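Presented below is the structure to which this report refers.
The analysis underlying the following values was restricted to heavy atoms, covering all of them including side chains, and did not include hydrogens, waters or symmetry mates. Keep in mind that what you see is a predicted model, and the values were worked out from it rather than measured.
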Amino acid sequence: MPRRFHDAEELLPPATALKRALAIIYDGLISIAVLLVATWAYTMVAGWITGWDTYEQMAEAGQLSGDPGLTFALFLVLYLFFAYFWTRAGQTLGMQVWRVRIENLDGTSVSWTQSLLRYGTASAVVFLAMLGGHYLGAVTLLLTVPAIIALFYPINGLSVTDRISNSVVVALPKPAKK
C-alpha cells in the first residue's frame with residue numbers, strides 16, 4: 001500500500017539540480033559505508049563456507065579479484081538500501097538533510113518497481129561510463145561526465161530517472177517555526 005505524503009491537489013516544486021547533486025554526494029558517502037559493511041559480511045560468509053585456509057590461499061593467488069558473487073551482492077545490497085528508503089519515506093538520509101523527496105505525481109510513495117527502474121537506469125549509465133573509462137581511458141570523461149549530469153539534471157523539473165520511473169523529486173518546504 002503506497003504511503004500518501006500529501007493531497008493529490010497539492011503540488012510541491014521540483015527539486016533544484018544543486019539540491020539533487022548535494023543529496024547524491026551525501027548518499028554516495030553513506031553508500032560507501034554500506035558497501036564496506038556488505039563486503040565484510042560477504043567475506044565472512046565466503047570464508048566460512050570455503051574454509052579460512054582455502055579462502056586465504058585463493059586471496060593470495062588473486063582468484064578473488066573479480067568475484068561476480070560479490071559484485072552481484074553489492075549491487076543487490078545497494079538497491080535494497082535505496083529502494084527501502086524510497087518506498088517507505090521517499091527519502092534517503094542524504095535527501096532528508098537537503099529536504100528533497102521522491103514521490104509519484106499524486107503525492108504517494110514510489111513502488112519497488114519504480115525504485116528498480118530509477119536504480120537500474122542510474123546504474124546502467126554509471127556502469128557504461130566506468131566501462132568506457134576502463135577501455136578508452138580518461139578521454140571518455142569528456143563524454144561520460146556530461147552523460148551522468150544529464151541523467152540527473154532536471155529538465156522542466158524532471159530528470160531522465162524521473163521520466164523512466166514516472167516519479168518526481170520534489171523540494172520540501174521548510175518546517176514552520178513554533
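- The list of ring pair (Phe, Tyr, Trp, His ring centres under 6.0 Å) pairs with a residue in residues 22-42, not counting sequence neighbours, is empty.
- For the atom pair CG (Asn166) and OG1 (Thr113), the distance works out to 12.5 Å, reported to the nearest 0.5 Å.
- Contact of the Phe127 side chain with the Phe75 side chain is not registered, since no non-hydrogen atoms from C-beta on lie closer than 4.5 Å.
- Of all the heavy atoms in Ser165 and Thr161, the pair that sits closest is OG-O, 2.8 Å.
- Two residues are said to be in side-chain contact when any heavy atoms from C-beta on lie closer than 4.5 Å; Thr87 and Gln114 fail this criterion.
- Val97 has its side chain out of reach of Leu93: every pair of non-hydrogen atoms, C-beta onward, lies at least 4.5 Å apart.
- Cluster membership check: Leu117 does not share its hydrophobic cluster with Leu158, using side-chain heavy-atom separations under 4.5 Å among Ile, Leu, Val, Met, Phe, Trp and Tyr.
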Please assess Val110 against Ser115 for the test side-chain contact (heavy atoms from CB on, under 4.5 Å), listing each intermediate value before the final yes or no.
CA-CA 7 Å; Val110 295; Ser115 297; 3.7 Å; yes
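- Asp67 CG to Thr39 OG1: the interatomic distance, rounded to the nearest 0.5 Å, is 10.0 Å.
- Hydrophobic clustering (side-chain heavy atoms under 4.5 Å, transitive across Ile, Leu, Val, Met, Phe, Trp, Tyr) keeps Val37 apart from Ile30.
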Could you walk me through whether Asp162 and Arg118 pass side-chain contact (heavy atoms from CB on, under 4.5 Å), step by step?
CA-CA 7 Å; Asp162 294 338; Arg118 291 186 74 85; 2.7 Å; yes
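- When atom types are taken as modelled, the side chain of Asp106 and the backbone of Thr108 share a donor-acceptor pair closer than 3.5 angstrom.
- Taking the side chain as every heavy atom from C-beta outward, Phe82 and Ser31 approach each other to under 4.5 Å.
- Not counting sequence neighbours, Asp27 has no partner by the salt bridge (charged side-chain N to carboxylate O under 4.0 Å, His left out) test.
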For the pair Arg99 and Gln91, evaluate side-chain contact (heavy atoms from CB on, under 4.5 Å) and give the outcome as yes or no after the intermediate values.
CA-CA 8 Å; Arg99 289 192 319 273; Gln91 298 174 295; 5.5 Å; no
Tell me which donor-acceptor pairs under 3.5 Å the side chains of residues 51-60 have, and how far apart each pair is, sequence neighbours excluded?
none

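- Nearest heavy-atom pair across Ser159 and Arg20 is OG-NH1, 3.3 Å.
- With a 4.5 Å cut-off on side-chain heavy atoms, Leu12 and Glu103 count as touching.
- Scanning all heavy atoms of the two residues, the minimum distance from Gly94 to Ala23 falls at O-CB, 3.9 Å.
- In the hydrophobic cluster analysis, where Ile, Leu, Val, Met, Phe, Trp and Tyr join through side-chain heavy atoms closer than 4.5 angstrom, Val126 is grouped apart from Leu116.
- Between Phe81 and Phe85, the two ring planes are perpendicular [angle over 60°; tilted spans 30° to 60°].
- Side-chain heavy atoms closer than 4.5 Å link hydrophobic residues (I, L, V, M, F, W, Y) into clusters, and following such links, possibly through other members, connects Tyr119 to Leu74.
- The cluster map of Ile, Leu, Val, Met, Phe, Trp and Tyr, joined by side-chain heavy atoms under 4.5 Å apart, puts Trp98 and Ile102 in the same cluster.
- Stacking of Arg101 on the aromatic ring of Phe5 is recorded, both the 6.0 Å distance cut-off and the 45° axial limit being met.
- Checked against Val100 for a side chain to side chain contact (heavy atoms under 4.5 Å, CB included), the options Thr92, Val169, Thr16, Leu22 give a single hit: Val169.
- For the pair Val168/Leu105, a side-chain contact is recorded, criterion being any heavy-atom separation below 4.5 Å from C-beta on.
- Aromatic ring orientation, Tyr79 versus Trp112: perpendicular (interplanar angle above 60°, classes split at 30° and 60°).
- Judged by distance alone, the side chain of Asn104 and the main-chain N or O of Ser109 form a donor-acceptor pair under 3.5 Å.
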